[in-house]
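Let me give you the structure first, and then I'll get to my questions.
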Number of protein chains: 4
Amino acid sequence: MNSQSGRLFLQIPGPANIPHRVLQAMESPLLNHRGAEFAEICKALLPKLKAVFQTEQGTPVIFPSSGSGAMESALVNTLSPGDGVLVFAIGNFSAMFGEISDHLGFSTKVVELPLGGGIPPERVFEELKADRAGKFKAIVAIHNETATGVTTDISAIRQAIDQAGHSGLFLVDTISGLGCMDFRFDEWGVDVAITGSQKGLLLPPGLGLVCLNEKALQAYRTASSPRHYFDWGAIIEYNRRGIFPYTPATQLLFGLDTALDMLLEEGLEKIFARHARAAEGVRRAVTAWGLKTVALTREVASNSLTAVRVPTKIDSDALIAYTEKHLNLALGNGLGELSGKAFRIGHLGVINDLEILATLGGVEMGLHRMGASLQLGSGVAACQEWFLGE
Amino acid sequence: MNSQSGRLFLQIPGPANIPHRVLQAMESPLLNHRGAEFAEICKALLPKLKAVFQTEQGTPVIFPSSGSGAMESALVNTLSPGDGVLVFAIGNFSAMFGEISDHLGFSTKVVELPLGGGIPPERVFEELKADRAGKFKAIVAIHNETATGVTTDISAIRQAIDQAGHSGLFLVDTISGLGCMDFRFDEWGVDVAITGSQKGLLLPPGLGLVCLNEKALQAYRTASSPRHYFDWGAIIEYNRRGIFPYTPATQLLFGLDTALDMLLEEGLEKIFARHARAAEGVRRAVTAWGLKTVALTREVASNSLTAVRVPTKIDSDALIAYTEKHLNLALGNGLGELSGKAFRIGHLGVINDLEILATLGGVEMGLHRMGASLQLGSGVAACQEWFLGE
Amino acid sequence: MNSQSGRLFLQIPGPANIPHRVLQAMESPLLNHRGAEFAEICKALLPKLKAVFQTEQGTPVIFPSSGSGAMESALVNTLSPGDGVLVFAIGNFSAMFGEISDHLGFSTKVVELPLGGGIPPERVFEELKADRAGKFKAIVAIHNETATGVTTDISAIRQAIDQAGHSGLFLVDTISGLGCMDFRFDEWGVDVAITGSQKGLLLPPGLGLVCLNEKALQAYRTASSPRHYFDWGAIIEYNRRGIFPYTPATQLLFGLDTALDMLLEEGLEKIFARHARAAEGVRRAVTAWGLKTVALTREVASNSLTAVRVPTKIDSDALIAYTEKHLNLALGNGLGELSGKAFRIGHLGVINDLEILATLGGVEMGLHRMGASLQLGSGVAACQEWFLGE
Amino acid sequence: MNSQSGRLFLQIPGPANIPHRVLQAMESPLLNHRGAEFAEICKALLPKLKAVFQTEQGTPVIFPSSGSGAMESALVNTLSPGDGVLVFAIGNFSAMFGEISDHLGFSTKVVELPLGGGIPPERVFEELKADRAGKFKAIVAIHNETATGVTTDISAIRQAIDQAGHSGLFLVDTISGLGCMDFRFDEWGVDVAITGSQKGLLLPPGLGLVCLNEKALQAYRTASSPRHYFDWGAIIEYNRRGIFPYTPATQLLFGLDTALDMLLEEGLEKIFARHARAAEGVRRAVTAWGLKTVALTREVASNSLTAVRVPTKIDSDALIAYTEKHLNLALGNGLGELSGKAFRIGHLGVINDLEILATLGGVEMGLHRMGASLQLGSGVAACQEWFLGE
């Protein structure tokens, strides 16, 4: 049976479907990236980016790169060889930050935490309290772990750092958080925030972005790690004139400019509420199916994506292969120890009720085909009830 | 709560969502419509169109027009002023053919038939048997009535004409049938078939098309109706050289060329089976909701669209307004005496299982909101079961 | 040598290159042509169209058709069978209006005038003065003859009609004039103006448009010509509610909406000045090559296109084939008795200085290759001088 | 007078105008970058890339980055901290490679050579002969210096290295060379070649690419420079399965796939001949204007771009600002000590004769406006003669 015609439901946890308006912006004719027209776009873009980071004091820096490039930039611009880095791992993507730090030669300690929970502030406090020598020059936390669908209370982590009286820089990966869930750069005392283009920023992959504050800039001035491509200094300086020290990925920047307009026009609060509503609908469907999310509690459950544990007799990879082949539905796979045991539903960006229902309907069909004992339509109905406010 | 972000579910009975490949073809750069490159496209396109009409003997003619323009062309090219035209009306669109005929000054008899049924061959036989004087020079039938979601057995109508020994031309409107449901120009003895670009041909509106046989061409030669724009002769002659006697709608023709490729690559049988499967899923949902289709029997129910009667206390226009505003779902309204009493779901073109589920899920939410006593998820579940083959 | 890579220079006298912004508008997702969103676009569009026709009293009507469809509509909506039509032919396109009138069964008199000149007002006066019986119900003139690159003074024709005291309707074909050269519907006393989408309106082919005044509407009410597709009444009535009585060519209407915005943002005066400047540059090049335009005088030379006579030993069709094959330059051919003897350069729409220079440079290369004794670069230089204001 | 309508002539030395076919590929819907469909594209793409590098033994690696990122990757993957790097600087871009090396902490020697010439093989020989201690682990040369429009004979540099018996890795920047001028990775003994997406590869900016041979891979295994983002190992390993260790810039990869198809369909030899022909046309125009190229001899003049020295009384930046503002023509500026003294014309990618003529016509107008004493049309005519083969 081939049901492959029609639209792809790309419900991986990013990249998500791109709004038509953003697609059109990216299709604008190429222009001279050192000319006056581009300079205007560039200058207008950075303040909008600040608004999305909810910062007045921060400085955004954009790289043609993946999100992992932005992570690398956060480390090499603020640290010197051998510096200590403390990473809290609650899933594959937070663990990856530890690997990057390790590869780049920093003295990295990864605190492995149980899957399904966020980063406990008390644990942060303990670790930092124990670091009397101030070995850790950077503390790395993830805002939203894309592997497990778990959110961490970044504000609480900041408080734990402060309570421990620790002076390390606070680096926060909000790749799948920014633009989907509340993220307050200034208020939460983040020193460097890291994100990518392909999640809440509504773009295809291709841009890595950071936002850094004055404290991070001071660290930059003394950090002696070798660096060039990801060096902040030249970019910040060139950006003042609306240019870049390298040939920028102009088409993605056109798209970013429009995506930021869309985010700010809709308003961050509305966007966060929209994501929360969609996520709750998905979680109610999971409950109706008699399944569990990887997220252990409702409090830590992400609003960008939901990782769902499959019944033990079912291979989640087989489920994913089935929906991709037969239903034109792309789901995220389980990573690391969740491989084969969980699948992930992305519900971020510009997604509406019917797209959620379609996704849930497709997951139901796939689970049923894999032999799960669930009632067809049950998850859809639970979500519909929620959407209807009943 | 605004759920208007994300993709529009355009589930009116055409225009339908355009496949990306067709969109890209229509975005090709303009070219000289009297140059060699365009002539090649034009010459390649017509044989493919014949394949979709399932004809070897027919000649297709394309107009920049709506489908009603193609209807007009069928009349003015084959008839002389005052000629009799017999039209069987089973809904608004078949009735419209009668109005066109009337407006153009032909002596038109419209046989009004009950809504929800097809055209009964025996009635055709009676009418023609009674026309001993051969007053009716043209007999007009609709293959698929878009107002009611009802299909007529065109082959049986042909047989009725033959049994009555009537020599009138057989004009068939297959605007919402061609490319969705089986339509056999040669085998069924159609003299002129009429269609438009925006249904099974996978394009935006803008082209009217006819296919005509030798008998229609003979009628053309003696038909004295005044005509220019819709005249077949010059177009057929110019087309041999790959050009048109007017400036053709080149971008739509590029799209048509690609759409025809897609139809022939998938294969007509598969396309018809795909539409039948989707339609049956929708009908099972309607039954699960405890509602009735406008089509009175399963046998005459259309595979392109389903017209659904709403409970008496509900206004179908309010339902449609609700889903359009709150769910980004566009449904077709009830026409004529079905106004306010029925809505129409289009399920034609390249549409997949999840798009059908999303549509049904949205209709359920809308009906529920309007106060219908149905179980949320029930229609979705009935459709899922059918799709899963259980 | 293949020089076919890169951009096509589509310098036929329309369709012309489409601005990116218009292309993007046409790529907007399909929507419900009976929904609220479309109604808004439709209602906003018509007043802008009026502004481009320079009318407050006129009513525009849009058809999915070619320009010839719009011509047909002007006749069938205002005339009754057998009515007299007076057509002034100064080239193939004005002559075609006569053929259409004839095909539609009107009593048509075509006044054949010499190629290269406009329509002399005195001749109009004579013809009408002689029509004491008021046989001619419509007088047809062309604003810009696309076959010869000649403009007629429409205001002077109106005066001639008035001086003759003739009450016939004044129908003006401004297909290649509107949006390129000054055209004043109200001030010039035009009763029905006819145009198409693919010239000054910056669109691909596919729309025919008319603008009609109160006098034309009065004629409509009594005109008994059979008509349906091109009937004005239903369209005007439906348009008040933002809909159409048929399925409109939505994508082209989106494009038209944007094109009208562009025209009105730039301002009609600037647009006319821009076309005049480009046309003069081309004419100076023609003079520098030692060639003649088909237009006999500077006064009647069109600002949309220039038809150029080639030296007698050269076949203009061979020239056109050469530039198309070897230079990616599409030129218009000579029509009718100019076949093989002239080529046409379109310089309408959004075209800039360098596109003009490229076109002239390509024509020079082609003429040189065909054996013309001209100096390479001479036409380009003459045009550059003009552009530089020297 | 505003002549800003119509098409932009983006004649900077890259990015260049993107072919429509490549644009369309980049507009393909997003897909799952870990799904089966993407894996196929990825696996098919790399062999095509090898063909364009003219290598059977090399391994291409693609980064979401600018070209400078690819330079960085060439260094950090093959060197250990403190290793010696020998860079030959013949302009700003070759000098930049030295800066990058320096920033990354390598012991960098930059041999500054006169502007306008290539890298003399004898100088390479001398430098390496003198390096008895084998201090230089990498020798960096540029294939085509984009700042001056000068090409170096890479094969001759390889011979000089071999004659000196030096074992350093040979890193070659062919950012503005590959896909425009002959570049033979295997035959010329290049160890790492570096390029970007936005020149001969016909894409927008956003991808950095390297090609590396077995010797470079061996160096990789022992090179101890800290690295993560630009590390080759994981990418090469993941690529075997058609995936990437990071979220790849999928849309650019779709475009790259199509661009490589276009290059291989046309054939590298034809592409190089086409660039040579265009470049010679531009150089003849420069001579006709009485000006000099920055390239000192015909032998070293680049076929991708031409840098032109302006008369001493003229400011090249004013010229560039004029053509950008008044002629919709973007030219490259003079860099470093050429600032204000030269401008650069890009003539790379898919560009045809008329686009070259338009560019030359615009430069002539700009130079004339700036007060240069040249004859309008003279450069165009010289180029036309060359194009016509006379």
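All values reported here derive from a predicted model rather than from experimental measurement. Residue numbering restarts at 1 for every chain, and letters A, B, ... go by the order of the sequence lines. Just so it is clear, the values below take in all heavy atoms, side chains as well, and ignore hydrogens, waters and symmetry mates.
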Region of Ile271(C) that comes under 4.5 Å of a non-hydrogen atom in chain D: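 Contact with chain D involves no heavy atom of Ile271(C) at all.
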
Are Thr146(D) and Lys199(D) close enough that some pair of their side-chain heavy atoms sits under 4.5 Å apart?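 Yes - at least one pair of side-chain heavy atoms lies under 4.5 Å apart.
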
Worked check of side chain to side chain donor-acceptor pair (under 3.5 Å) between Thr306(C) and His347(C): CA-CA 8 Å; Thr306(C) 300; His347(C) 35 74; 2.7 Å; yes

Is the shortest side-chain heavy-atom distance between Tyr322(D) and Ile320(D) below 4.5 Å?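 No; the side chains remain at least 4.5 Å from each other.
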
Region of His20(D) that comes under 4.5 Å of a non-hydrogen atom in chain C: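 When you check distances to chain C, no heavy atom of His20(D) falls under 4.5 Å.
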
Gln11(C): which of Val282(C), Leu360(C), Leu329(C) passes side-chain contact (heavy atoms from CB on, under 4.5 Å):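 Result: among Val282(C), Leu360(C), Leu329(C), Leu329(C) is the only option passing the side-chain contact (heavy atoms from CB on, under 4.5 Å) with Gln11(C).
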
Can you find a side-chain donor-acceptor pair between Glu355(D) and Asn328(C) that sits under 3.5 Å?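 No - no donor-acceptor pair under 3.5 Å links their side chains.
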
With a 4.5 angstrom heavy-atom cut-off, is it the side chain or the backbone of Leu354(C) that approaches chain D, or both, or neither?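 Answer is both: backbone and side chain atoms of Leu354(C) are under 4.5 Å from chain D.
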
Search all heavy atoms of Leu45(D) against all heavy atoms of Leu260(D) and return the closest pair with its distance.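 It is O-CD1, 3.7 Å.
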
Nearest heavy atoms of Leu207(D) and Leu203(D), plus distance in Å: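 So the two residues come closest at CD1-CD1, 4.2 Å.
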
Heavy-atom contacts under 4.5 Å, residues 370-380 of chain D to chain C: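 Result: Leu376(D), Gly377(D), Val380(D).
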
Would you mind telling me which of Pro19(C), Gly349(C), Ala381(C), Ala278(C) has the largest number of heavy-atom pairs within less than 4.5 Å of chain D?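 Answer, by heavy-atom pair count under 4.5 Å with chain D: Ala381(C).
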
Mind checking whether Ser302(D) and Met181(D) have side chains closer than 4.5 Å, heavy atoms only?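 Yes, close enough: below the 4.5 Å cut-off.
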
Chain C contact via Leu202(D) - which portion, at a heavy-atom distance below 4.5 Å: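 Interface part for Leu202(D): neither.
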
